[in-house]
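Heads up, the thing below is written out as structure tokens.
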Amino acid sequence: MNTDDILNAIMAVDQALAAHEAEIESLDRAIGDGDHYINISRGSQVAVAMRGELAALSPDAALQKLAMKLLSTIGGASGPLVASFFMGMGKAIKEHNSSLADVAAAFAAGVEAIRARGKADLGEKTMLDVLIPVSRCFTELTAAGAEPRLIFKELKQVAEQGMLSTRDLVATKGRAAFLGDRAIGHIDAGAKSSQVMVSAVCDLALQT
Amino acid sequence: MNTDDILNAIMAVDQALAAHEAEIESLDRAIGDGDHYINISRGSQVAVAMRGELAALSPDAALQKLAMKLLSTIGGASGPLVASFFMGMGKAIKEHNSSLADVAAAFAAGVEAIRARGKADLGEKTMLDVLIPVSRCFTELTAAGAEPRLIFKELKQVAEQGMLSTRDLVATKGRAAFLGDRAIGHIDAGAKSSQVMVSAVCDLALQT
Amino acid sequence: MKKFINKVNDVLVESLSGFAMAHQDIVQLHLDPHFVVRANKASNKVALISGGGSGHEPLHAGFVGYGMLDAACPGHVFTSPSPDQMLAAAEAVDAGKGVLFIVKNYAGDVMNFEMAAEMLSVPNATVLTSDDVAVENSTWTSGRRGVAGTVIVEKVVGSLAETGADLAACKALGDKVNQRTGSMGVALTSCTVPAAGRATFDIGDNELEMGVGIHGEPGRRREAMRPADAIVADLVAAILHDLKPAAGAEVLLMVNGFAATPLMELYLLYHSAEKLLKAQGLIVSRSLVGNYTTALDMAGASITLCLLDDEIKQHWDSPVHTAGLRRGC
Amino acid sequence: MKKFINKVNDVLVESLSGFAMAHQDIVQLHLDPHFVVRANKASNKVALISGGGSGHEPLHAGFVGYGMLDAACPGHVFTSPSPDQMLAAAEAVDAGKGVLFIVKNYAGDVMNFEMAAEMLSVPNATVLTSDDVAVENSTWTSGRRGVAGTVIVEKVVGSLAETGADLAACKALGDKVNQRTGSMGVALTSCTVPAAGRATFDIGDNELEMGVGIHGEPGRRREAMRPADAIVADLVAAILHDLKPAAGAEVLLMVNGFAATPLMELYLLYHSAEKLLKAQGLIVSRSLVGNYTTALDMAGASITLCLLDDEIKQHWDSPVHTAGLRRGC
Ligand SMILES: Nc1ncnc2c1ncn2[C@@H]1O[C@H](COP(=O)(O)OP(=O)(O)O)[C@@H](O)[C@H]1O
Ligand SMILES: Nc1ncnc2c1ncn2[C@@H]1O[C@H](COP(=O)(O)OP(=O)(O)O)[C@@H](O)[C@H]1O
Ligand SMILES: [Mg+2]
Ligand SMILES: [Mg+2]
Ligand SMILES: [Mg+2]
Ligand SMILES: [Mg+2]
């Protein structure tokens, strides 16, 4: 992986989020406060606008720079979480030419940074219900030397399952936690946006 | 006319107003502030409640007492006007056994008191567009010695015409004056309530 | 109609009672007849009394206290109070220097206060406020409505009265401020009178009423919803057309909410209006933003401009201690 | 959606700019990153900084000034501000005695302030407010929401900070006030986030949401509209169940409007609540009624009780000079 891949992924994520605007927005309206799409797309738009600046940087520096910008742009609960993800990933990634296994390790470091920041874990009806299973699967499949196309197809499925799994959960973190049982039956907005982003990056990888 | 007639008229007026609640209310909502029925019925209800007190008094004293009570009860534009009417009438009426001509003269004094208080005249789209023609007709017909039943029938018609005449007028007094031409096409609420009251008293007189 | 009320007939007394309980350090409530006076009666000053229909809170009872009113007479919702209220209030607050009535120019208020003034044995005078430029003055109507500018009149005259100025001086200053003040309002929704139980007027989801009155009286025109800057431009233009300030004149800019419009939007309107006035060469040196003259539960706002001079500035800036406005003490 | 706005993306900056223009004697606005500080920087005191999503005005920027906050960091509507705002604000207002962050307990606010606190080189501490009793505390959730009681924390700690008290003392008093404060709200209508353009939740013409959050989060239950006294009885019971005041305890009673509910109704609620508390043997010795912690354009209100002691009373009564609350100066 190189900086170009990051820039392409930014474009893909921004477009994919825009295509799911109504869905993400209505999920956060149902059991949150309705702004998750606005927050996350504010982030993806600023990332798109930064592509020129980032192009000159190495992947680790680019991810760190992106993280700081997202931290000051997104706000809300997702701001520090998304920023922590890229900070964690930026610290872990190699300076150049990371292998798929390197990327999986960096992804895992990013997810770990979200866990540390949000003090949440699997099963709390958050974005982690997508990201933790995706990260585990990514690590396992790369460790097992699986074929890249198979890995990305698999990750998309795992993301989808994780997203759907939040429907039946009671939330114990985030705004939906205020609802108790009333949150059951609704998919978590952050889980949905995470699944959309994971899918978009996998599709990109599958195209090339 | 004696105090008993006043007491009966109070009952008749209260009932007639209640029967026209929706109509009076919606007229004031269209070109006023929507409270004319509430104001005027607050007055008629307090008058009904006073019947015991009033019964012991002579007609002039009863009308004066009623006027002061209405003054402190109704509020709004109609409060001082209605109170002035009964003050004016109370000052002019004989102590006992007024003839129909006496009543017509007292009624005229009441209407004059409204004019003085409100500084309005015929054609300004107010209650006076009912009360002035009614008063003139009442005076003329009693002076001409007309038969009581004919007088009351005639007064009802004059009241109706006066009320309807306000539809095509521009208001120059009261809240509807703020509307300019936009008041055209709407009957004035105070003209309507006056017509309802005049009619109710005439019907009462026609029954007996 | 969804409102926090118990019985429609108890709204006024319960609300006044809550007001008096929450502000017992400032006011005292009398019932039957209803009026609100200062907790501590002032001495050796002209007594200022205002009043009018309820539903415009904090106007007027919220402005009873040091530096503003001595008493307020609240009528039923949107209905002028009656003369017995003004008489009882005058008796309670007269301090030997006469009574000044401050009355918004509506037929009902004018006639009820007039009758009280005629019956009152104490020397008295009346200032009629008529700052609403939405309705053009003309010789054959009863004239313009008194709206949010009334707050400025009450503040400025209230301050002068505390100095011991006489009745004539207080009336003169009130008339001057009124002449130098213009307002215009815009409604996004109707209000609902509790006793009526339904909206006073119908308005579409994409419409506004330009020039609306504080009782929901129709204004100059109904039009399609527009950006805030365009609305403000019309309001300000109408007021300036009326006040005709000299170039470089110093003004007080008030943005008044009708009750249901959030502070966030009121400040946005203020921003738009101040920019516009500055661009026209005026100096905005005093401001007031908030819900001061409301229209029950209406969404909407009005803009008021007052042409300042040294006397008005001095009395605008002076200390005041009321439930609705407080500074310097 | 009918609001006084120009472009949705400009609402925050235009509104903040209007706020700063209208109150230039009290505050100064910085943009990019956005924060509001006192017009005159205080010296030799702990710097108090609060912040949170916008849409709750006057909270928090309206409480910047002598006796309350040193700075406020406004986020986008209903969205926590970001750490760069807190860092810039802290740099601007630190006066050598450290920084106290006052943060409403929402995941976003907590995490953003936490990151700022970690990055900040100046000694600092945080008070988390969590007065909303609608959501029961439990070990496995992120805990209760911070709502209108935050105003009391800011006022009381703000007063202590002016005396030169140190960071630990300010934090301790803030935590104490928070523990002694409980709130619960009720919505009659939804709010509408400008960027979303439509109501956050649907609610029937005859329904209320009991226990609603200040972002329109659902509360304990949806129920049929009821008389004010019945609603107040439920709100007060929930708060008392949580606070468990001793017999004869002295309390501050706050009735807070969510923005679209008129003062007339808020005072009616106050009347109902004070009567009820008195009947239960409590002493209501302090009050606050008005729109202090709003929820954009929501119709509704909350009740807050704070169990007073001599220290809290002293700091509640002390002078304060902010755009949203002023007394004694
Ligand atoms: N502690 C946490 N750990 C992980 N994810 C969280 C946590 N709190 C919230 N989230 C995620 O953040 C999402 C909400 O983000 P957003 O709507 O942008 O912020 P806010 O809740 O402040 O409005 C939730 O749907 C959830 O997935
Ligand atoms: N100056 C006046 N002279 C005579 N009648 C008037 C005058 N002003 C108002 N009215 C009458 O009063 C009626 C309105 O009364 P009401 O609704 O009770 O008071 P308000 O206008 O204060 O709400 C009008 O419909 C009109 O008939
Ligand atoms: Mg959200
Ligand atoms: Mg009327
Ligand atoms: Mg009226
Ligand atoms: Mg949010």
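The sequence lines fix the lettering, A, B, ..., with proteins before strands; numbering per chain opens at 1. Bear in mind that the values here come from a model prediction, so they are computed numbers and not experimental data.
Proximity to chain C is limited to the side chain of B/Ser84, based on heavy atoms less than 4.5 angstrom apart. Using a 4.5 Å cut-off between heavy atoms, C/Tyr106 contacts chain B through its side chain alone, with no backbone atom that close. In this structure, no portion of C/Pro33 lies under 4.5 Å from any heavy atom of chain B. For a residue to count as touching a neighbouring chain, one of its non-hydrogen atoms must lie under 4.5 Å from one of that chain's; by this rule B/Leu71 touches chain C with backbone and side chain alike. Contact annotation for B/Arg175: only side-chain heavy atoms (C-beta onward) come within less than 4.5 Å of a heavy atom of chain C. When heavy atoms are compared at a cutoff of 4.5 Å, C/Ala199 approaches chain B solely by way of its backbone atoms N, CA, C and O. Proximity to chain B (any heavy atom under 4.5 Å) is restricted, for C/Met119, to the side chain, taken from C-beta onward. In this structure, no portion of B/Ile31 lies under 4.5 Å from any heavy atom of chain C.
Taking 4.5 Å as the heavy-atom cut-off, the residues of residues 40-54 of chain B that approach chain C are B/Arg42, ordered by number.
A heavy-atom distance below 4.5 Å is not found between the side chains of C/Met111 and B/Lys119.
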Take C/Glu217 and B/Arg182 through the salt bridge (Lys or Arg N to Asp or Glu O under 4.0 Å) test and state the conclusion after the steps. CA-CA 11 Å; C/Glu217 304 97 320; B/Arg182 288 165 72 167; over 6 Å; no

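Distance check: C/Arg198 CZ to B/Ser26 OG gives 7.5 Å after rounding to the nearest 0.5 Å. Note that the CG atom of C/Asp84 and the NZ atom of B/Lys69 stand 8.5 Å from one another [nearest 0.5 Å]. Rounding to the nearest 0.5 Å places SG of C/Cys191 at 9.0 Å from CG of B/Asp33.
Highest contact tally toward chain B, considering only C/Ser82, C/Gly216, C/Ala196, is held by C/Ser82 [criterion: heavy-atom pairs under 4.5 Å]. Among C/Gly53, C/Pro83, C/Gly213, the residue with the largest count of heavy-atom pairs under 4.5 Å with chain B is C/Pro83. Note on C/Gly75, C/Ala195, C/Gly108: by heavy-atom pairs under 4.5 Å with chain B, the leading option is C/Gly108.
Taking each heavy atom of B/Gly76 and C/Thr79 in turn, the nearest pair found is N-CG2, 3.2 Å. Smallest separation of non-hydrogen atoms from C/Asn112 and B/Gly75: ND2-C, 4.1 Å.
Remark: C/Asp234 pairs with C/Arg221, C/Arg226 by the salt bridge (Lys or Arg N to Asp or Glu O under 4.0 Å) rule, at least two apart or across chains.
Within a 6.0 Å sphere centred on NZ of C/Lys2, other residues, nucleotides and ligands contribute more than 12 heavy atoms.
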